[in-house]
Amino acid sequence: MRMSRIASFRGFGLAGVLAMFLYSCANIGNPNGGPYDELPPKFVSSTPVPNSINYQGKKVEILFDELIQIDNPMENVIITPPQREMPVIRSSGKRVEVELFDSLKPNTTYTIDFTNSIADNNEKNILENFTFAFSTGDVIDSLEISGTVLNASNLEPMPGISIGLHSNLADSAFRTLPFDRTSRTNDKGQFTVRNIKPGKYRIYALNDVNRDYKFDQPGEDIAFLDSVFVPTFTAAVRQDTIWQDSLTIDTIRTVHYTRFLPDDIALRLFKEKFERQYMTRPERPDEHRFVLHFNAPLDTIPVPRPLNFTPAEEDWFIVQPLDEGRNVTFWLRDSLVWQLDTLTMELTYPMSDSLNILRPQTDTIQTVLRRRPSEKKKKKGEPEIEFLNMTIDASGEMDLFDTVSIVFDEPVLDIDKDMFRLEQEVDSVWSLVDFEFFQDSLNSLGYYINRDWKYGESFRLTVDSALIHSLYGKWNDVFQTQFRIKPEDSYGHLYINIIGNDTLPAFVELLNSKDEPVRKATVKGGGVLFMDLKPEKYYARLVIDTNRNGEWDTGNYAERLQPEEVFYCPKVFTVLQNFQHEETWNIRLTPWLKQKPLEITKNKPKEVTKKKRDYREEGRRNSSSSSNGFGGLSF
């Protein structure tokens, strides 16, 4: 009896193992393990229920149908009215919890805008534009407004900018009171402010550096509308198309919906012309000079007064301002001075006080030479002369509008145009010609040679050896180069008729593919002419030059001054060689949001794409799971 039971058990075990083995083999061809989750989380329930009224609690719990996570809630979740004390926002399993610490305002609708921060835990499917609202009073306010924030100078969409409404219509409210309602722009610069109470409002945009919902930092970017607006709504109809596939329309539905107005607000973000003036740490990059760095351009260059040395001459330095006076290099003329490792000086310069008023500030500064250059051992046969470094950019072929630039590495003495020999080739004969010679206004070590060049002309530029001497005893090596001005048929010409700006002064800039200006012309007679353009693709930006200073100017909130208007042409201009182009541009035909071509837009919207299934990985995962399950049996 016992033997038969054992035999029976062994037979059953062998059959079971064989069956499991066959099942495992059959599963090899089934790699994916069921439908792939491509849907975002779904709302299930909440405490309180959505759009509750007379709610006095400070905690909101929202339940979803699957495990979820919140991406950077402190940045991406917007609570309005704004909270002075930071709330707690967290996810736990399938639940989101929001706990408020500020006192709740009576008769106020509270909105929690999760933007695109909620996603399921596994596949990261995003629940887009999810919001939750409740009211402490008897009514849920339900009006909405929407629009776009663009950079005022280049029409770039501006993401992450706070939008605020004030029912207090005084200009001072923006500076002294937090917003009544708030929202934030998405990656396209678009915004929607929800749950607004009926009434009159002013709207603002703010790059809220200190997150207090007020314009109280001079360096914050802002935008504002001159007019007051009243939010409203109207019944509207739209056509929704349902597709069978990418080519076949299934049905076209007529959808009735409520349209909230205004829904096309355009805010142009700018930073007021504000720079605190102060000096950063001075430096001494080499023995011959020291450099002072300032936070903002200087109107006048400060004069250092020696403390630990006595120069032989009163003019013991040469000044080289750069970056409009933000950086100033002092080249030392006196050899007894530059041989000192440490220079101690007194300097009086303008510095901004706490009220941003420039006042004289006197400091004692030290510039320390950390390491002197080591003497180089000269190899046999190597020339002992270290020539003055002179960079001349006269290339083999130059454009008609180019100038010849000359840049030295150190200050030069008594330079003039007679040291340069410019000759023109006519019928194989070189003849001396006249030219303009002038110093670079932004760099005292730079100079220019210019002439009214003509198409196809050939030139030769020569500088004899030892004509130019530097402050430190170096002289130039001999230099010679030839260059030719491009012929007329190398260029194209472009004339643009400007419509939509009859009387206001304006200028147009042609831009390259990096949104950088390459040419500029004033609008005259209803248009602009660009002669002798390189055959390339160009974009165009027009600036309403209100003060006729030839540059774009920012705004000022205290003066209720908007930044100067900027328009981009949506069309690209392709200039062909030896061709005259005429185009027409109505600057007001296309809304600001749609003007700037995507090719030169830097803040491009993020593409939301569904996660692609990796069937191989799923198959390996499932096969591994099946294999592990079989291998875990013991006999």
Side-chain angles (χ1 to χ4, degrees), residues 218-219 273-370 388-391 405-416 437-448 468-474 549-551 553-554:
K273 194 173 183 179
F274 169 85
E275 291 179 298
R276 297 189 65 86
Q277 180 60 279
Y278 55 87
M279 182 179 65
T280 60
R281 184 178 179 181
E283 64 170 335
R284 188 156 174 212
D286 58 57
E287 60 180 348
H288 291 142
R289 60 189 170 129
F290 64 90
V291 183
L292 303 180
H293 302 280
F294 295 88
N295 186 60
L298 290 167
D299 292 332
T300 56
I301 304 300
V303 178
R305 187 173 69 86
L307 294 180
N308 72 328
F309 61 95
T310 303
E313 298 179 4
E314 185 176 346
D315 54 343
W316 53 277
F317 59 82
I318 293 176
V319 175
Q320 181 194 2
L322 291 172
D323 301 325
E324 299 179 338
R326 291 177 187 269
N327 303 312
V328 184
T329 298
F330 294 83
W331 292 91
L332 303 172
R333 300 173 63 101
D334 192 333
S335 60
L336 295 178
V337 175
W338 78 57
Q339 289 174 9
L340 296 174
D341 289 341
T342 301
L343 302 179
T344 305
M345 297 162 285
E346 185 179 81
L347 192 74
T348 300
Y349 60 96
M351 179 176 175
S352 303
D353 63 11
S354 58
L355 299 177
N356 200 38
I357 298 174
L358 288 177
R359 301 188 186 280
Q361 170 73 19
T362 300
D363 286 336
T364 298
I365 63 172
Q366 277 191 340
T367 61
V368 180
L369 181 62
R370 299 299 180 187
L388 170 65
N389 192 359
M390 178 178 64
T391 303
S405 73
I406 307 159
V407 181
F408 298 95
D409 279 0
E410 54 192 58
V412 294
L413 302 174
D414 304 322
I415 189 171
D416 61 51
F437 182 79
F438 53 94
Q439 191 173 28
D440 188 341
S441 60
L442 300 179
N443 180 9
S444 59
L445 302 188
Y447 298 84
Y448 289 106
I468 305 171
H469 292 259
S470 81
L471 179 63
Y472 305 109
K474 298 179 184 177
N549 68 346
E551 60 184 39
D553 290 290
T554 189

Trace of the side chain to side chain contact (heavy atoms under 4.5 Å, CB included) decision for Thr367 with Met345 = CA-CA 8 Å; Thr367 61; Met345 297 162 285; 3.9 Å; yes
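The ring-ring contact (aromatic ring centres under 6.0 Å, His included) search around Trp338 returns His288, Tyr472, not counting sequence neighbours. Residues satisfying the salt bridge (charged side-chain N to carboxylate O under 4.0 Å, His left out) criterion with Arg370, sequence neighbours excluded, are absent altogether. With sequence neighbours excluded, no residue forms a salt bridge (charged side-chain N to carboxylate O under 4.0 Å, His left out) with Asp553. Legend: residues meeting ring-ring contact (aromatic ring centres under 6.0 Å, His included) with Phe290, ordered by chain and number and at least two apart, are Phe330. For Asp416, the side-chain contact (heavy atoms from CB on, under 4.5 Å) partners two or more places apart in sequence, or in a different chain, are Asp418, Met419. For the salt bridge (charged side-chain N to carboxylate O under 4.0 Å, His left out) test, residues two or more places apart in sequence or in another chain that qualify with Arg289 are Asp286. The side-chain contact (heavy atoms from CB on, under 4.5 Å) check on Phe438 picks up Glu436, Tyr448, Asn450, with sequence neighbours excluded. The ring-ring contact (aromatic ring centres under 6.0 Å, His included) search around Phe274 returns none, not counting sequence neighbours. Judged as a side-chain hydrogen bond (donor to acceptor under 3.5 Å, both in side chains), and not counting sequence neighbours, the contacts of Asp341 are Arg372. Under the side-chain hydrogen bond (donor to acceptor under 3.5 Å, both in side chains) criterion, Thr362 pairs with Thr348, sequence neighbours left out.
Without hydrogens or angle criteria, Asn549 side chain to Glu551 main chain gives a donor-acceptor distance under 3.5 Å. At distances below 3.5 Å, not a single donor-acceptor pair connects side-chain atoms of Thr344 with backbone N or O atoms of Gln366.
Considering only heavy atoms from C-beta on, Leu471 stays 4.5 Å or farther from Glu410 through its side chain. The closest side-chain heavy-atom distance from Ser444 to Val319 is not below 4.5 Å. Between Phe408 and Ile468 the shortest side-chain heavy-atom distance falls below 4.5 Å. Looking at heavy atoms from C-beta onward, Pro411 lies in side-chain contact with Leu445 at the 4.5 angstrom threshold. Within the 4.5 Å cutoff, the side chain of His469 has no heavy atoms near those of the Leu388 side chain. The side-chain heavy atoms of Leu336 and Phe309, taken from C-beta on, include no pair separated by under 4.5 Å.
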Solution key, residues 293-304 side-chain donor-acceptor pairs under 3.5 Å, sequence neighbours excluded:
unit_1, atom_1, unit_2, atom_2, d
His293, ND1, Asn327, OD1, 2.7
His293, NE2, Glu283, OE2, 2.8
Asn295, OD1, Tyr278, OH, 3.3
Asn295, ND2, Arg276, O, 2.5

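Pairing each heavy atom of Ser470 with each of Leu413, the nearest pair is O-CD1, 3.7 Å. For the pair Leu292 and Met279, the tightest heavy-atom approach, listed with the atom from each and the gap, is CD2-SD, 4.2 Å. The two atoms that bring Leu358 and Gln277 nearest to each other are CD2-CB, 3.5 Å, heavy atoms only. Here the closest heavy-atom approach between residue Val337 and residue Arg284 is recorded as O-NH2, 4.2 Å.
In this structure, Thr554 OG1 and Lys273 NZ are separated by 9.5 Å, a value rounded to the nearest 0.5 Å.
Pairs of residues two or more places apart, or lying in two chains, that qualify as side chain to side chain donor-acceptor pair (under 3.5 Å) and include a residue from residues 303-315 are Arg305-Glu346.
Under 3.5 Å, the side chains of Gln320 and Trp331 contain a donor-acceptor pair of N or O atoms.
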